[in-house]
Number of protein chains: 2
Amino acid sequence: MAANLYDLVVSAEPLDLDSSAVASLADKAYVAIRDRLIMLDIRPGDPIDDDELAGDLDVGRTPVREALKRLEGDRLVVSYPRRGTFATGMDISDLAHISDIRAQLEPLAARRAAERAVRTAHAELEDLASRIQHLDVSQIDRTELMRWDLAVHRAIYRAAGNPHLEDVLIRYDNLATRIFCLFLDRLPTVDEHVGEHVELLRAIAAGDADRADDLAREHVLGFEQAIRAVI
Amino acid sequence: MAANLYDLVVSAEPLDLDSSAVASLADKAYVAIRDRLIMLDIRPGDPIDDDELAGDLDVGRTPVREALKRLEGDRLVVSYPRRGTFATGMDISDLAHISDIRAQLEPLAARRAAERAVRTAHAELEDLASRIQHLDVSQIDRTELMRWDLAVHRAIYRAAGNPHLEDVLIRYDNLATRIFCLFLDRLPTVDEHVGEHVELLRAIAAGDADRADDLAREHVLGFEQAIRAVI
DNA sequence: GGTACACAGTTGGTATATCAGATATAGTGT
DNA sequence: ACACTATATCTGATATACCAACTGTGTACC
């Protein structure tokens, strides 16, 4: 799994950070479009032409439509009947709403992961921590940085051992990452944010639930503050 | 809105407790099937024949399939490729996982609702509280009882003013209600559980955020305990 | 300048065809 | 005679093509 994650991340391809076993065309379309949405290849408010996307991804319109339906459930796109589908807009209240949820659930996930990690994902998390620690933040590009960010969070969610929690956290991590990308060039302390991951991962791997809880909360709240500071 | 909720609830029909404006065939199918799943007209593990459902609901197979896709996202059905779709099974760990999430988010929603309710939904929530207080629990049937339960929670989620929070809470309230229905006849203190709603609604309407937070947490945890007691 | 009609584009729904997988049955070999 | 393998059929999933309904916009006419 660790090797798998690493391969996916360094290759910096559309990838699936989800543990999808096989992948139907609809799944592939979903991942590809979601990636474009998060990484802002499709910017908030942009109209989405399913026909164009279908040609782009070399699939029919049906899997694209299905993917868009799922993305609508994820609140990454909105569809106004008979007017078209668009990438969802983003405003300051969305950030507050999402952070409110994440401030509750990220610490929970970190705590549960810490409680379990000593027995299960200890090595994997340590591994991920040291990889990020030795990352040259100034050298790698934004997309890859974001993928590391996503990879860390996904690893924690998975380690928490609660599939439902994983579901909902992935959902809001995607949304948060999208906001992150939106302000990435204006953000002064990106490497700091990434650095926090190392501490958090280590705390979890060490089984220090209280500390993991605190760090995760700070991580979410700090993220919100950082964004608010540059608005 | 209050009148709307009431109408929907007393009519005890498939209904949409969501604020859906119009409704495509797929939406209608989604609501209808979800209802059957939650109320256990379709029991956990049951195979789901989309063709049969389509005929049953008088729509084509496509909207049914789309509804099933959405329900799969809600974890109410699972689809094993080339074997069929089934209502998801339920086990004890699911209850723990869901309660873990709800124990974090229900209090948050109650708190936020309390912070806002004095200005906004005060009357509506008071109204709902007194209606439930005067409900004769021994007289009405299980399905209607469940609808009241759902209506209360939905009203609180809505009052919290965070659409994302509403999303995720609805999702897990559905799952929890399904578990509730599964043990409904074995549960001794159903009316107590319903009674807690009155207190909670009153606390929110009064703007007592701390108390609302506590009551909501107890409500969730008490629910889990009650179920565990009869397993 | 305003209103009405028409056309185009988009969504939503359905039907059909193709593809893949699983299971059952039959045949052959040991 | 029994077991194993291969093939065929059936079921279910997926993709594409087609159709209908509706909305929005533009143009023309009053």
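A note on names: the letters A, B, ... follow the listed sequences, proteins ahead of strands, and every chain is numbered from 1.
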Length of the line joining Y30(A):OH and dA15(D):C1', which is rounded to integer Å: 21 Å
Starting from P on dT14(D), measure out to CD on E66(B) and report it in whole angstrom. 14 Å
Roughly how far, to the nearest 0.5 Å, is the CG atom of L150(B) from the CD1 atom of I170(B)? 9.5 Å
Lys/Arg cation over aromatic Y172(B): R102(B), 6.0 Å, 45° cone: no
More than 12 heavy atoms from other groups under 6.0 Å of CZ on R116(B): yes
Calculate the interatomic distance between L68(B) atom CG and dA13(D) atom C1'; express it in whole Å. 13 Å
How many Å lie between CG on D50(B) and P on dG13(C), as a whole number? 16 Å
Side chain of R61(A) (C-beta onward), nearest among dT11(C), dG13(C), dT14(D): dT11(C)
Compare the minimum distances between each of dA13(D), dT14(C), dA15(D) and the side chain of T85(B), then state the nucleotide with the smallest one. dA13(D)
Between dA13(D) (P) and D27(A) (CG): distance, integer Å: 14 Å
Distance, rounded to the nearest Å, where R83(B) contributes CZ and dG21(C) contributes C1': 11 Å
Classify the nucleic acid contact of R65(B) as base, sugar-phosphate or nothing, counting any heavy atom under 4.0 Å across all strands shown. base
Roughly, in whole Å, what's the span from CG in D51(A) to P in dT10(C)? 9 Å
Between dA13(D), dG12(C), dG13(C), which nucleotide has the shortest distance from any of its atoms to the side chain of S79(B)? dA13(D)
Between C1' on dC22(D) and OH on Y80(A), what's the gap in Å once rounded to a whole number? 18 Å
Any residue meeting ring-ring contact (aromatic ring centres under 6.0 Å, His included) with F223(A), in chain and number order, not counting sequence neighbours: F180(A), H193(A)
Just compare dT14(C), dA15(D), dT14(D) and give me whichever is closest to any side-chain atom of L25(A). dA15(D)
